[in-house]
Amino acid sequence: MYNRFLLTFLLLLVAGILHAQTSLEVTVNSLLYKKNVKGIAVFAQKSGAVLRDSAVTDKNGVVVFDKLEANQPYRIFTKESEEFDISEVTNVVLQPNQKNTATLSLPARRQTALEEVVITETKAAKLNTQNAEVSSVVTKRELQSLPIEGRDITRALVRLPNLSVASLGYAEAPNVSINGLNGIYTNYLIDGMDNNERFLGNVKFNPPVGFTESVQVLTNNYSVEWGNTSNGIVSVTTRSGTNQLTGELFYLTRPGSVIDAKSPYPTLDLSGNAVKDGFQRHQLGFGLGGALKKDKTFFYVNFEQTYDKKDNLLRVPQLNLNEIVTGRNSFSYFSTKLDQNWTHSFKSSLRVNVGSFDIARQGGGLEGGIIFPSAGAKIANRTYLVALKNNYVIRPNLTGETNYQISMFRWNYRVPDNPTDPSVTVQDPSGTAFATIGQTGAIFDDFEHTHHLQQKFTLRTGRHVFKAGGEFISSNFALLGGGNQYGTYTVRLTQLQLDALKAQNIGSALNVNDIPRDASVRSYDVELRPTTFGKRQNVLSLYLEDNFSVSNRLKVSLGLRYDYDNLTKSGDTKGDLNNIAPRTSFNYQLNDRTVIRGGYGIFYDKIKYSVYSDNLQFSSDAPDFKKQLVELQRLGLLDPKADLNRITFPGNIRATAPNVKYLEGPTYDQLQFRRNQQFNANLRVMNPNGWDNPYSHQFSLGLQHKPSPDYILSVDLVHVATNNLFIIRNLNPASPYKFTSDKDVKTRTVAQADLTRPIPIRTDKNGFYALAGTDTLRGIARNVFMTETKGIARYYSASVVFQKLKGRDKYAYRLGYTLSSIKSNTGGINTRAQDSNDFDFEYAYDNNDRRHVLNAMFAYYPIPSLMISPALLLQSGQPITRLADAKVYGTTDLNGDGESFGFTSDLYPGERRNSDRLPWAKSLDISVRYTIYIQKKPRLEFEADVFNVLNTQNLSGFNATFGASNQFQLGPVGTPLVVRSAGPPRQFQFGLRYLL
């Protein structure tokens, strides 16, 4: 019924709205008397179009055009009257999601013979005279001129204020951090509609450069119209066709090691996965736009394809094997949009995005690995978005917008080459593993299906502009996770068996059936729940806003937003119902050249579905586990009113079996009886008190100054106080065991620590157990984890941007500097305290903290057909966490709690998280483009990009997963650094583009 209703609604909609609407405020004055003039008809006409919008100036000589298209050239003009002659402004290109301004000066008819009456505007730097939002826009032209790797638009965003290169929580994680927070807290939009894979919070469809008109990043104090994030928004405006046929055909390549500088450290491909020698990238695609019916129906279509070649090394001395294993990545992006002008007051748009990419995990390793191709796999992502948007005029001062989008995202993180094989790790006689064969192992296959409905209204009356609206986003999730349902073996060969295997000379084709059947099985387990599970997430948002022109110089915005997310129920019966978010701001124009602005607002985030899903996947409904929870209730560590049936779930559990013969292990059906008796290191429960949505208090104060038409200076002070971030509390922790210094360190064993837990963990000949009264419990967990929304982050920044547009000169530049600081006690959704839930001790500089970031971009045009664009990025070093060295203390687990929670070791005694710093990082990139003109039109463009021109070895300031970064080091502060990775060395990229 639900889908039938949505289908009916879809059919009733006539079509979608023209994308990325914005507004233009036009002031009309008399050239002779220098006074504003009321009652003048003003027209706005898109370049190449016949249809035009019109309105009449009010008593203040002002007219406002709503819902014009962003980044499209307009002609703004009046008609001749008895008193005034014609005046016009051409090539007015509007910035998205804000009101732009223009002025028409009307010459009296008696002046016609004396002075020029047509004013042609060249692009000039614009002041924001409407609101206090802290935002930046990267236009299509800038995207095409910057040195950007692989036409990936996100690579350009790190050059904006309050944005930086992110440390990655996982390989494919968002590569940009806003306000110092993890990138999963960013809200991604395409043409104002949802573009988030809602499991972890990454981009669902990554729009390529060829389909992007502009990218706007809202970092602070934006309108209540935008939400679903406690942090910032990345909003992509897509391209549309015009009456003129336009397009491009391109080829782009990164030749790789044949020309790149050498480096002993791996780099990352566009997906965030590590690559090294042998890597190459080839990209090709096209874009084409035009009119199916002049002035009425427009289209734009874009397709881009990327192929990567990457080599791994399979090195197994036990088999005399040293072989290159080649893998190939494929990324395909198809986009199209159809715009329709039904009438002067009704416009629509239909957009389709389809993405498909496969990332090879072919086996081997960057420096030599033991994963054989039989255990190879791939990451397979499939996605589509279909957006239908409608914009209409209800009355001259009242407009509406009705939008609907349906989308699908599938993230199959491990598609095994041999899906029905067991997973096998093979050891030599000494116990050293030398081969991983068979199925890849753990499974993660996420499927989400999302509906997004928006309704918006804008009412203009007097000095007020009222906005009201709401949206409903509903996502249905299904996850297949856990271990291998066909079994996981660890086997050890005798020397005789190993010699016989080597003599067969099987090479890289080794698979499970090549191992002797009489090999000794050291361990065996099997996944007991090879089925999908999921939940529907519904997010409802409502908002109301008044943008009030107190005077011609002072604008004030008052807004209120409400959000509800049903996942906040967690293990409770009701969710977080009090997410009321007021926002207010002012913008005061001191004079024609200077504006001051400021604001305050509350911004609520959605729950990441993975937080909910993890509490299902890693839970258990075993009777013994529930008895353990009852004991925790008795001890006051778990809410005594908690409904144990609501907070537990039959999740993924692997059962073990002893005395198993190779390839004859019992099946998951045969071991189901073990589910209730299987001991687990960690299990999770839903929070019986529910969750609160993460939210932030955002404060900003800024100034813009325009010394001349081509220059603009912006200064912004920002503070973001974020609350209710995710932390994981252990309900059965080992007792606190802190080290205040490295003097007289006495480590504690796991067995000793287990006895200090609220429910002590003991062992006997049958394994681990606990006591609850007279009951002996075996199907329990050492650690019982529960997600809470009690994390915090505090961000402060001062940013300065000075920009010069090209104007009539041969150069343009933008200089940006940000001084910032962020501290937090949680870095993501899986943060646990290093010692016994002490999150106060965890409060420290965040992984993405940077004190100083300097960006400098320059564009030089020595001749019209040649552009040279160097870009400098200078960053202070990221924090380092100092860890204990097992060579000194005999163990990495000093407190014996059995966990290091994201690190390879416990903290070094006396040190805190992120107490040290890496060196500064600097990178100079350059792009050179030469264009051949035919009949005075650009037709052929040659591109050469060089990244890290100076071949600087940077130890921070580049994308890297935390475990592969230099952000953890052994020993106290001052111990020499061990370099695990470095930023990319000097690399080259070449392209050829044909322009229609």
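Met408 places a side-chain heavy atom less than 4.5 Å from the side chain of Phe447. Taking the side chain as every heavy atom from C-beta outward, Leu479 and Asp446 approach each other to under 4.5 Å. The shortest distance between side-chain heavy atoms of Phe372 and Leu314 falls below 4.5 Å. Within the 4.5 Å cutoff, side-chain heavy atoms of Gln677 are placed close to those of Asp624. Looking only at side-chain heavy atoms (C-beta outward), Trp411 and Leu200 come within less than 4.5 Å of each other. Contact annotation: the side chain of Val526 never approaches that of Thr667 to less than 4.5 Å [non-hydrogen atoms, C-beta and beyond]. The closest side-chain heavy-atom distance from Phe649 to Asn615 is not below 4.5 Å. The shortest side-chain heavy-atom distance between Tyr662 and Val424 falls under the 4.5 Å cut-off.
Sorted by first and then second residue, the salt bridge (charged side-chain N to carboxylate O under 4.0 Å, His left out) pairs with a member in residues 890-902 form an empty list; sequence neighbours excluded.
Partners of Ser905 according to the side-chain contact (heavy atoms from CB on, under 4.5 Å) rule, which considers only residues two or more places apart in sequence or in another chain, are Leu883, Ala884, Thr892. Evaluation of the side-chain contact (heavy atoms from CB on, under 4.5 Å) rule for Glu367 yields Lys276 as partners, not counting sequence neighbours. Under the rule for a side-chain hydrogen bond (donor to acceptor under 3.5 Å, both in side chains), Asn948 has no partner lying at least two apart in sequence or in another chain. Asp311 pairs by the salt bridge (Lys or Arg N to Asp or Glu O under 4.0 Å) definition with Lys309, not counting sequence neighbours. For Arg654, there are no salt bridge (Lys or Arg N to Asp or Glu O under 4.0 Å) partners two or more places apart in sequence or in a different chain. A search for side-chain hydrogen bond (donor to acceptor under 3.5 Å, both in side chains) contacts involving Asp260 returns Arg254, not counting sequence neighbours. Looking at residues two or more places apart in sequence or on another chain, you find a side-chain hydrogen bond (donor to acceptor under 3.5 Å, both in side chains) between Asn652 and Glu527, Gln617. Every side-chain contact (heavy atoms from CB on, under 4.5 Å) that Asp358 has, sequence neighbours left out, goes to Lys378, Ala380, Arg382.
Counting all heavy atoms, side chain and backbone alike, Asp764 lies closest to Arg778 at OD2-NH2, 2.6 Å. Taking both residues in full, the closest heavy atoms of Val203 and Phe205 are given as CG1-O, 3.0 Å, listed atom of the first, atom of the second, then distance. Between Gly665 and Tyr489, the shortest heavy-atom distance links the atoms N-OH, 2.8 Å.
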In residues 426-433, what donor-acceptor pairs under 3.5 Å come from side-chain atoms, sequence neighbours left out?
from, atom 1, to, atom 2, distance (Å)
Gln427, OE1, Arg492, NE, 2.9
Gln427, OE1, Arg492, NH2, 3.0
Asp428, OD1, Ser430, N, 3.0
Asp428, OD1, Ser430, OG, 2.6
Asp428, OD1, Gly431, N, 3.2
Asp428, OD1, Thr432, N, 3.0
Asp428, OD2, Gln318, NE2, 3.2
Ser430, OG, Thr432, OG1, 3.2

Output side-chain donor-acceptor pairs under 3.5 Å for residues 434-441, partner residues at least two apart or in another chain, one line each.
from, atom 1, to, atom 2, distance (Å)
Gln439, NE2, Pro419, O, 2.7
Gln439, NE2, Asn484, OD1, 3.1

Sequence neighbours excluded and cut-off under 3.5 Å, please list the side-chain donor-acceptor pairs for residues 501-514, or say none.
from, atom 1, to, atom 2, distance (Å)
Ser508, OG, Glu323, OE2, 2.7
Asp514, OD2, Asn511, N, 2.9

Run the side chain to side chain contact (heavy atoms under 4.5 Å, CB included) check on Ser613 and Phe533 step by step: do they pass?
CA-CA 9 Å; Ser613 180; Phe533 58 90; 3.9 Å; yes
Given Phe679 and Ile780, is the side chain to side chain contact (heavy atoms under 4.5 Å, CB included) satisfied, shown in steps?
CA-CA 5 Å; Phe679 178 81; Ile780 58 172; 3.9 Å; yes
Candidate pair Asn895 and Gln834, rule side-chain hydrogen bond (donor to acceptor under 3.5 Å, both in side chains), full reasoning:
CA-CA 9 Å; Asn895 63 6; Gln834 290 292 307; over 6 Å; no
Quick one, Leu970 with Val888, criterion side chain to side chain contact (heavy atoms under 4.5 Å, CB included). Give me CA distance, side-chain angles, the key distance, then yes/no.
CA-CA 10 Å; Leu970 300 180; Val888 176; over 6 Å; no
For the pair Gln305 and Ser330, evaluate side chain to side chain contact (heavy atoms under 4.5 Å, CB included) and give the outcome as yes or no after the intermediate values.
CA-CA 7 Å; Gln305 176 69 52; Ser330 173; 3.1 Å; yes
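Between the Asn182 side chain and the Gly827 main chain, a donor and an acceptor come within less than 3.5 Å of each other. Distance alone, capped at 3.5 Å, places no donor-acceptor pair between the Glu197 side chain and the Phe409 backbone. Checked by atom type and distance alone, the side chain of Gln362 never pairs as donor or acceptor with a backbone atom of Arg328 at under 3.5 Å. Listed for the Thr383 side chain is no donor-acceptor partner under 3.5 Å among the backbone atoms of Gly355. A donor-acceptor pair is defined here as one N or O able to donate and one able to accept, closer than 3.5 Å; such a pair exists between the side chain of Gln283 and the backbone of Gly150. Side-chain N or O atoms of Lys535 include none that pairs as donor or acceptor with a backbone N or O of Tyr609 at under 3.5 Å. A donor-acceptor pair under 3.5 Å is formed between the side chain of Asn951 and the backbone N or O of Arg986. Using modelled atom types, one side-chain atom of Gln672 and one backbone atom of Leu528 make a donor-acceptor pair closer than 3.5 Å.
To the nearest 0.5 Å, the span separating CG on Leu270 from OG1 on Thr154 amounts to 8.5 Å. For the atom pair CG (Leu955) and CD (Gln967), the distance works out to 11.0 Å, reported to the nearest 0.5 Å. Taken to the nearest 0.5 Å, the OH atom of Tyr384 stands 7.5 Å off from the OG atom of Ser407. Atom CZ of Phe958 is separated from atom OG of Ser965 by 7.0 Å, given to the nearest 0.5 angstrom. Here the straight-line distance linking atom CD of Glu172 with atom CD1 of Ile359 works out to 5.5 Å at 0.5 Å rounding. To the nearest 0.5 Å, the span separating OG1 on Thr787 from CZ on Arg684 amounts to 5.5 Å.
Cation-pi contact between Arg281 and Phe331: absent, since separation from the ring centre below 6.0 Å together with deviation from the ring axis within 45° is not met.
The distance between the ring centers of Tyr413 and Phe199 does not fall below 6.0 angstrom.
Ring planes of Phe334 and Phe303: tilted class, angle from 30 to 60°.
Taking 4.0 Å as the cut-off between side-chain N and carboxylate O, Arg151 and Glu304 count as a salt-bridged pair. Using a 4.0 Å cut-off between a side-chain N of Lys or Arg and a carboxylate O of Asp or Glu, Arg410 and Asp445 qualify as a salt bridge.
No more than 12 heavy-atom neighbours from other residues, nucleotides or ligands sit within 6.0 angstrom of OH on Tyr307.
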